[in-house]
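Remember, it's 1-based here, ligands and their atoms both numbered in the order they're listed.
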Amino acid sequence: MNHLYLHCRPGFEKECAAEITDLANEQGFFGYSKTEPGSALVSYVCHEPDAARRLIRSLDFASLVFARQWLAGPAPLEGLDPADRLTPLLTAARELGDVSQWWTETTDTNEGKSLSALSRKLGKLFGRELALTPASRWRLHLLFLSGTSVVVGVSPTANSARWAMGIPRLRQPSQAPSRATLKLEEAWHHFIPAEQWDERLRGGMRGVDLGAAPGGWTWQMVRRGMFVDAVDNGPMDQALMDSGQVTHHVEDGFVYQPKKPVDWLVCDIADKPARVASMIGRWAAQGYFREAVFNLKLPMKQRYLEVKKRREFLEAVFAEYGLEASLAFKQLYHDREEVTGHIRITR
Ligand SMILES: C[S@@+](CC[C@H](N)C(=O)[O-])C[C@H]1O[C@@H](n2cnc3c(N)ncnc32)[C@H](O)[C@@H]1O
C-alpha cells in the first residue's frame, strides 16, 4: 500500500496537497500528490511500495491543518461489478489486517452525497461479514469514490479524526444566538480530549470573547458555567446577557485589555490574519490567558503559506518570552475560508 488519502474542505485541495508533501518529505518519505480541484480529496502516492502505513504512523495527525481525516491504503479498487461489490471489498479489507472498527465514507462533495445511500447499504452487508478485533489499533475505511470505485484503507484510531470523513455530527443548539457557535464547540472537541473538558472548561472560569456579537461563542462558554467579557461594537443577544454571566464591552477588540489574566481568550474577528496573530501574540506575551481559540480568515491566494507564517510568528513570540506553549491550527468542518488556531500555555 503506497497511497495516503486525505479528506479536506472542497476548494482546499491545493493547500492540503502542499502540506502533506512538505510533511512527508520532512520525515523522509518521497512521493507526489494527486488531486482535482473541488474533489475534497488528496492522494499522496509514496514512491516506496509499502510506505503509506509507515507514513501514517510517523506523522502526527494533529499537526495537519488542512486534512480533516486520513487513511492509508492501496490504489482504489476500480471497475467493481454492481452485481457483486461485496466480495472484492471484503477481500481487500482482509488483506489490510486486523481492525477494531470500520466506517463507510464518501468525499464531502455533491457526488459524495449522491453515494451515501449506496455506501450505507453496502456497509450494512459488509459489516455482517467482516470480523473485528477489538484490541486492534486500526480502523478500516471504505471510501466510495463512485458506484464502481472504492478506496479500502486503514487509519490508526489514536492518530486520526474521531469522526468519519473528519466531520463531527454537532447539533445546532436552539438557544445559541448564532450558527457560529458550532465553530467553538467543534474547536473544543478537536483540541481538547473529552476526558479533560471538566478540568479545562470548568464552571467559574473567566473568558474574554473578542468580536463576540451576537454571542454564539460566548454562549458556549456560559453553557460551561464561565464568566465572559464580550467585546464587540455590535449588540449581544439579550437572553444571553440575562444569564448574568456576561459583561458586554462596546470597544475595539484590538485595543481592549483585560483587567486580570483570564483562563480563556477566544476571538472570531474577521480581519487580516497578521493583525489577529499579532494581537494574540501580545496577549500571550503579557500572560493574559491560559488557552486561546482564534480564527484566521485566509486570503484567496497563498493560504497554506499564510498559516505557516502565522505559526512561525507565534512560535517566535513564545520563544522570545520563554513561554512553554502548544500551538495547533486546523481547518475545522465548520470553518469556511479560515482556519482555527489553538494555544495552550503550559508555563
Ligand atoms: C463572525 S462575527 C462573530 C460571531 C460570534 N463569534 C458568534 O458566535 O456569534 C464577527 C464579529 O466581529 C466584530 N468585530 C469586527 N471588528 C471588530 C473589532 N475591531 N473589535 C471588536 N469586534 C469586532 C463584528 O462586529 C462581528 O460581530
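If you check each of G253, G216, A270 against atom 20 (N) of ligand 1, the one with the closest non-hydrogen atom is G253. The heavy atom nearest to atom 22 (N) of ligand 1, out of those in G211, A180, G234, A176, is found in G211.
Ligand 1 has no nitrogen or oxygen under 3.5 angstrom from a nitrogen or oxygen of F254. The shortest N/O to N/O separation between I269 and ligand 1 does not fall below 3.5 Å. Inclusion of D268 in the set of residues having an N or O under 3.5 Å from an N or O of ligand 1 is warranted.
Ligand 1 lies less than 4.0 angstrom from a heavy atom belonging to G215. Using a 4.0 angstrom heavy-atom cutoff, P214 counts as in contact with ligand 1. For D252, the heavy-atom gap to ligand 1 drops under 4.0 angstrom. Not a single heavy atom of L210 sits under 4.0 Å from any atom of ligand 1.
Scanning all protein heavy atoms for the shortest distance to atom 13 (C) of ligand 1 gives D232 OD2, 3.1 Å.
Only side-chain heavy atoms of S178 come within less than 4.0 Å of ligand 1; its backbone N, CA, C and O stay farther off. Heavy atoms of A212 found under 4.0 angstrom from ligand 1 belong exclusively to the backbone.
Side-chain atoms of S116 and T106 form no donor-acceptor pair, as typed in the model, at a separation below 3.5 Å. Between the side chains of T181 and Q220, a donor-acceptor pair is found at a separation under 3.5 Å. Side-chain contact of R139 with S155: a donor-acceptor pair under 3.5 Å is present, judged by distance alone. A side-chain donor-acceptor contact under 3.5 Å links Y304 and D22.
Within the 4.5 Å cutoff, the side chain of E105 has heavy atoms near those of the H7 side chain.
For F61 and W70, the gap between ring centers is short of 6.0 Å. Note: W163 and H190 fail the aromatic proximity criterion, with ring centroids not under 6.0 Å apart.
With Y288 as reference, W283 is the one residue of W283, W264, Y256 to meet the ring pair (Phe, Tyr, Trp, His ring centres under 6.0 Å) rule.
The A213 neighbourhood of ligand 1 comprises atoms 2 (S), 3 (C), 4 (C), 5 (C), 9 (O), 27 (O), with distances under 4.0 Å to a heavy atom of that residue.
For R303 and F12, the positive end sits near the middle of the six-membered ring, less than 6.0 Å away and at most 45° from its axis.
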